[in-house]
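Scroll down for the structure; my scribbles are underneath it.
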Amino acid sequence: MAGDNRKPLQPTQAESGLVELFAARRISGDNLPSLCAEAFEAFQAKGLPSRREEAWKYTDLRSLMRDVKPLATPPEPAAKELAREAGLLKETGFRRIVFVGGYFAPELSDLQDIEEGLSIGSLSEALATQDSFAASYLGKIYPAEDSAFALNTAFMSEGVVVRVRPGATIERPLHFVFVANATQPATYFLRSLVVVEKGARATFIESFEGADQCDYHVNAATEMVVGEEARVERIKISREGDQALHVSTLVATLAQNARLNDFALTIGGSLVRNQTFVKLEGRGAAANLRGANILAGKEHADSTLLLDHAVEGSESKALFKSVLDDDSQAVFQGKIRVRPAAQHTDARMMARALLLSGAAQAICKPELEIFADDVQCGHGSTVGALDQELKFYLMARGIAEADAVGLLVEAFIGETLDGIEHSSVRDHMTSLVAELNERK
């Protein structure tokens with residue numbers, strides 16, 4: 001904050017631990033790109049984000065992240081066998097690219113008969129070979145001034161690198177499966193790069209899974225380039241363990257007439273933050289962002305996004321819904337930024353929350369930041385309890401109370417799922433939500 005005269009905060013145990021981890025990584029002989037060192041310097045200058053930063057006001061990571069787990073080590077064969085049965089969207093026929101405990105597992109991945117125009121590789125290999133394609137994009141797509149993202153850049157070592165060449169249509173969805181190693185506490189830094197070039201089309205799924213009763217941290221980031229006339233659909237699912245801390249960042253740029261359709265589902269994890277930074281930098285670009293949280297217990301989910309309209313004639317829509325039971329909490333912070341050159345922007349944003357418990361809490365803060373005068377922009381939010389009349393109507397027709405609540409929850413969430421364009425993915429996601437809603 002400009003002119004902030006408050007005293008600097010003393011380093012926390014977690015911040016000191018991160019300094020030690022980065023120093024040890026350097027000493028270990030890792031051939032770190034200069035980008036990593038620069039990013040860690042940027043992180044040190046700001047430290048872990050706290051409530052002093054408006055974007056982190058309701059998810060004070062500095063207080064919540066009390067220590068640092070050791071960096072993940074290569075998984076044992078037993079952990080890989082457990083990951084082989086990782087359940088989310090397993091029997092779908094989608095192409096699975098599997099990571100176990102933060103490490104690429106090619107023996108568990110479907111790498112046969114790669115479609116023409118598609119290339120898939122690991123970030124570790126790209127860094128080791130100093131791949132020029134990956135180097136030309138990593139950390140350069142859209143500079144997000146965020147400490148968690150800088151920390152990811154500093155420690156990035158593994159993830160997936162995907163390139164879809166001009167005009168290619170990849171019909172089969174790519175499913176990136178990230179499974180935490182349930183045997184020991186650890187910190188996982190995962191970085192993915194997705195470049196979809198002019199006129200290409202593809203669907204991507206990222207799922208994060210972990211076991212309960214295991215204290216681990218995940219810092220994941222995806223950088224995405226959507227080229228001219230390209231269409232991309234991305235689905236992200238977070239079903240972490242009940243003690244897990246998960247921070248995820250999506251940084252994306254959209255060229256002329258590019259389309260991005262994004263959906264994030266949070267159904268597990270002690271603390272989950274999904275932050276999204278999208279820059280619409282081409283005329284006719286369009287972004288459709290949606291999200292759904294189904295939370296219980298003391299789970300906390302934070303959806304924070306920035307839709308940055310940089311040029312004339314772009315559009316964006318954002319719809320996020322949360323269903324909250326017990327003592328759970330959901331945060332929505334969304335900002336639409338319209339720059340002076342972005343006349344004729346059309347942007348809409350809505351956040352809705354359904355409270356199933358008097359102790360649950362929803363915080364909604366949509367914002368507009370407009371520097372152009374010929375635009376159509378709007379935002380809104382609603383928070384309310386379950387409609388008791390609808391519930392009574394269902395129960396009066398012989399439906400058990402728990403089933404009636406489940407039906408109403410599914411109907412509430414359904415609007416976000418309906419926006420998934422790939423029919424097979426939409427059907428599987430709808431079934432997944434119904435199944436998990438029963439368990440909740």
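Start at 1 with the first residue, then count along the sequence.
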The reported gap from CZ in F189 to CZ in R191 (rounded to nearest 0.5 angstrom) is 11.5 Å

Applying side-chain hydrogen bond (donor to acceptor under 3.5 Å, both in side chains) to K69 and not counting sequence neighbours gives D67, D215

> Do any N or O atoms from the side chain of S357 and from the backbone of D326 form a donor-acceptor pair under 3.5 angstrom?
Replying inline: yes

query: Taking side chain as C-beta onward, heavy atoms only, is L88 less than 4.5 Å from I205?
result: no

For F155 and L18, the nearest pair of non-hydrogen atoms, with its separation, is CZ-O, 3.7 Å

**OP:** Give a yes or no answer on whether the side chain of D325 reaches the backbone of A360 with a donor-acceptor pair at less than 3.5 Å.
**Re:** no

Residues, nucleotides or ligands: over 12 heavy atoms within 6.0 Å of R201 CZ: no

R239/E209 salt bridge by N-O under 4.0 Å criterion: yes

Open item on the list: Counting C-beta onward and ignoring hydrogens, is there a side-chain heavy-atom pair between V194 and V232 closer than 4.5 Å?
Closed with: no

So CG of L250 and CG of D262: to nearest 0.5 Å the spacing works out to 5.5 Å

Practice problem: Flag the pair V164 / F204 as yes when at least one side-chain heavy-atom distance between them is below 4.5 Å, and no otherwise. | Solution: yes

One should read off an interatomic distance between S238 OG and L265 CG, to the nearest 0.5 angstrom, of 8.0 Å

- Task: Assess whether atom NZ of K57 is packed by more than 12 heavy atoms of other residues, nucleotides or ligands within 6.0 Å.
- Result: no

Given R96 and D110, is the salt bridge (Lys or Arg N to Asp or Glu O under 4.0 Å) satisfied, shown in steps? CA-CA 5 Å; R96 286 164 60 93; D110 183 358; over 6 Å; no

When rounded to the nearest 0.5 Å, the distance separating CG of L356 from CG of L386 is 6.0 Å

Checklist entry - Does the pair L305 and V278 meet the rule for a side chain to side chain contact (heavy atoms under 4.5 Å, CB included), with working shown? => result CA-CA 8 Å; L305 59 132; V278 177; over 6 Å; no

So the salt bridge (charged side-chain N to carboxylate O under 4.0 Å, His left out) pairs with at least one residue in residues 113-132 (sequence neighbours excluded) are R95-E115

Nearest heavy-atom approach of A351 to C364 is CB-SG, 4.1 Å

Do side-chain atoms of N181 reach the backbone of A79 as a donor and acceptor pair under 3.5 angstrom? no

Worksheet item: Okay, side chain of N293, backbone of L324: is any donor-acceptor separation there less than 3.5 Å?
Response: no

Can you confirm if the NZ or CZ of R273 lies within 45° of the ring axis of W56 and under 6.0 Å from the centre of its six-membered ring? yes

Those residues at least two apart in sequence (or on a different chain) that pass side chain to side chain contact (heavy atoms under 4.5 Å, CB included) with T382 are R352

When every non-hydrogen atom of C214 is compared with those of Q243, the smallest separation belongs to O-CB, 3.6 Å

Those residues at least two apart in sequence (or on a different chain) that pass salt bridge (Lys or Arg N to Asp or Glu O under 4.0 Å) with D212 are none

Taking atom NZ of K365 as the centre, does the number of heavy atoms from other residues, nucleotides or ligands within less than 6.0 Å exceed 12? yes

Side chain to side chain contact (heavy atoms under 4.5 Å, CB included) with I420: of T416, D418, L417, only one passes, and it is L417

Counting only pairs under 3.5 Å, give me each side-chain donor-acceptor contact of residues 97-108, with atom names and distances, residues two or more places apart or in other chains.
from	atom 1	to	atom 2	distance (Å)
Y103	OH	A72	O	3.0
E107	OE2	K80	NZ	2.7

### Task
For residues T266 and L295, determine if any side-chain heavy atom of one lies less than 4.5 Å from a side-chain heavy atom of the other.
yes

Does atom CD (E421) have a neighbourhood of more than 12 heavy atoms from anything else shown, all under 6.0 Å?
yes

When every non-hydrogen atom of P70 is compared with those of P185, the smallest separation belongs to CG-O, 3.9 Å

Quick note, ring pair (Phe, Tyr, Trp, His ring centres under 6.0 Å) partners involving residues 263-320, not counting sequence neighbours, are F320-F332

- Query: Is there a donor-acceptor pair under 3.5 Å between the side chain of Q333 and the backbone N or O of A55?
  - Reply: yes

Whether over 12 other heavy atoms sit under 6.0 Å from E367 CD | yes

Next on the checklist: Please determine whether side chain to side chain contact (heavy atoms under 4.5 Å, CB included) holds for the pair L408 and L354, giving the CA-CA distance in whole Å, both sets of side-chain angles, and the decisive distance to 0.1 Å.
Outcome noted: CA-CA 10 Å; L408 293 173; L354 178 62; 5.8 Å; no

Test Y188 against L71 for side chain to side chain contact (heavy atoms under 4.5 Å, CB included), laying out the working first.
CA-CA 7 Å; Y188 307 105; L71 290 177; over 6 Å; no

Tested for salt bridge (charged side-chain N to carboxylate O under 4.0 Å, His left out) against R283, the lone hit among E315, E229, E312 is E312

In terms of heavy-atom contacts, A285 and A255 come closest through CB-O, 3.5 Å

Kindly indicate, with the supporting measurements, whether the criterion salt bridge (Lys or Arg N to Asp or Glu O under 4.0 Å) is fulfilled by R62 and E15.
CA-CA 8 Å; R62 193 173 193 274; E15 289 170 334; 3.5 Å; yes

- prompt: With side chains defined as the heavy atoms from C-beta onward, is the minimum distance between I237 and L89 less than 4.5 Å?
  reply: yes

Checklist entry - Is it true that a side-chain atom of Y216 and a backbone atom of G241 form a donor plus acceptor pair closer than 3.5 Å? => result yes

Exactly one candidate in K321, K317, R290 meets salt bridge (charged side-chain N to carboxylate O under 4.0 Å, His left out) with E415; the answer is K321

Give a yes or no on whether a salt bridge exists between E206 and K236, defined as a side-chain N under 4.0 angstrom from a carboxylate O. no

Between the CD atom in E158 and the OG atom in S122, the distance rounded to the nearest 0.5 Å is 5.0 Å

To the nearest 0.5 Å, atom CD of E228 lies from atom CG of L254 at 11.5 Å

Original post:
With distance as the sole test, does T345 use its side chain to make a donor-acceptor pair with the main-chain N or O of A342 at under 3.5 Å?
Top reply: yes

Side chains of D308 and R339: closer than 4.5 Å at any heavy-atom pair?
yes

Original post:
Is there side-chain contact between R163 and E197, with heavy atoms separated by less than 4.5 Å?
Top reply: yes

Worksheet item: For the side chain of E233 and the backbone of H422, is there at least one donor-acceptor N/O pair under 3.5 Å apart?
Response: yes

Side-chain (R172) to main-chain (G93) donor-acceptor, under 3.5 angstrom: yes

Got N219 and T187 here, is their nearest side-chain heavy-atom distance under 4.5 Å? no

Determine whether H428 and F94 satisfy the following criterion, side chain to side chain contact (heavy atoms under 4.5 Å, CB included), listing intermediate values before the conclusion.
CA-CA 11 Å; H428 284 294; F94 303 155; 3.8 Å; yes

* Take the angle between the ring planes of F208 and F178 and call it parallel below 30°, perpendicular above 60°, tilted in between. => parallel

For E299 and G268 the tightest heavy-atom approach is OE2-CA, 3.8 Å

